[in-house]
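To find a chain, count down the sequence lines: A is the first, B the second, and so on, and within it residues start at 1.
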Number of protein chains: 2
Amino acid sequence: MADILAEGDRPTTPTLHRYATRQRQAVLDALSEHGEFITVQDLHHAMRTAGHQVGLSTVYRALNALVDVHAADTFRDAAGVQHYRTRTTAEHQHYLVCRSCGSSVPITSQRIERWADDTARELGFADVAHVIELSGICADCQDGPGPND
Amino acid sequence: MADILAEGDRPTTPTLHRYATRQRQAVLDALSEHGEFITVQDLHHAMRTAGHQVGLSTVYRALNALVDVHAADTFRDAAGVQHYRTRTTAEHQHYLVCRSCGSSVPITSQRIERWADDTARELGFADVAHVIELSGICADCQDGPGPND
DNA sequence: CTTGTTGCAAATTCTTTGCATGACA
DNA sequence: TGTCATGCAAAGAATTTGCAACAAG
């Protein structure tokens, strides 16, 4: 489980606040433990249920802070709600998310990054950014009805 | 400019309502005329300014109806706001949007569609959907300060 | 007539913010 | 002691929905 207050963290954390608090750590722990993408509200609810005394706005702030330092990834679902999950690698990443059970698989593909960059450059665009979201029904959910569903 | 009430439209429009109204047509016209992606609120404002007497909810409903029949494309920006634009071809499409002036270029690439499908299938996912958004600074905006900015 | 649309206002939902309180260096 | 996080409540924003009035086949 990740640890914000880990040893090598003093000189790091660029524009961000310099220390982690109990709540901050609790948010990160809960997020890590969950493993998959989760909604702020759901995460908050899970934490309360688990006995953590933490405010909703703190969870919002903590998650956004994590995204700022690239310790978490986020995406918006079709309804416009943000989902978060801890980031495992240091690199920019995409995910394939199951619409039935919510599980996700990180996708590592240089190919797509290249495609995005090349396409944009071809069209004369600079400073390219991309958002790529894949979703489907995972193998588990294709068999029986989804496990978490 | 597209026309909802065009000839071949009686037997079509599947699950959708069977006729277009003055407001509906006005929304489509305004959207077509704008050409680029635009916010519901902005489109509504533009229509009022242009003298159209139309309610905000009607614009919302009309735009979603257009998306339902694939007559318009939509995407959500970083702030979570939906943008719409008329669709030119019958096919599923992606766009490269300028973050400075808001102009957009449709991207037609089988390659990316293939990639998305293949990747998902490789990982055992079925019924794959994808959202791909590219943004950057267009050629015009790279020179002088953006024209519309 | 009957069905579907319109438009306003109210309601919803997610997210952010103001501010007093509290904790840590 | 000063700075920053916290948490609640209030604010904000985008979008949806309830409902009475209305248009058209």
Inset, instruction - Could you tell me whether B:Arg121 and B:Asp118 make a salt bridge, using a distance below 4.0 angstrom between a side-chain N and a carboxylate O? - result: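 Answer for the salt bridge query: yes.
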
Inset, instruction - Produce a footprint string for nucleotides 9-21 of chain C: one letter per nucleotide, 5' end first; B if the base is under 4.0 Å from any protein heavy atom, S if only the sugar-phosphate is, - if neither. - result: -----SBBBB---

Rounding to an integer number of Å, can you tell me how far [X] [atom1] sits from [N] [atom2]?
| X | N | atom1 | atom2 | value |
| --- | --- | --- | --- | --- |
| B:His45 | D:dA14 | NE2 | P | 14 Å |
| B:His44 | D:dA13 | NE2 | P | 17 Å |
| B:Leu28 | C:dT5 | CG | P | 16 Å |
| B:Asp77 | D:dA14 | CG | C1' | 11 Å |
| B:Gln53 | C:dT5 | CD | P | 19 Å |
| A:Leu66 | D:dA5 | CG | C1' | 14 Å |

Pair up each side-chain donor or acceptor in residues 52-66 of chain B with any protein partner under 3.5 Å, not counting sequence neighbours, and list the distances.
| from | atom 1 | to | atom 2 | distance (Å) |
| --- | --- | --- | --- | --- |
| B:Tyr60 | OH | B:Gln41 | NE2 | 3.2 |
| B:Asn64 | OD1 | B:Tyr84 | OH | 3.0 |
| B:Asn64 | ND2 | B:Tyr60 | O | 3.3 |

Which residues share a side-chain hydrogen bond (donor to acceptor under 3.5 Å, both in side chains) with [X], sequence neighbours left out:
| X | answer |
| --- | --- |
| A:Arg22 | none |
| A:Ser104 | A:Glu36, A:Arg85 |
| A:His130 | A:His92, A:His94, A:Glu113 |
| B:Thr74 | B:Gln82 |

Below the 4.0 Å mark, does [N] have OP1 or OP2 next to a side-chain nitrogen or oxygen of [X]?
| X | N | answer |
| --- | --- | --- |
| A:Gln25 | D:dT6 | no |
| A:Gln23 | D:dC4 | no |
| A:Arg22 | C:dA23 | no |
| A:Thr21 | D:dA5 | no |

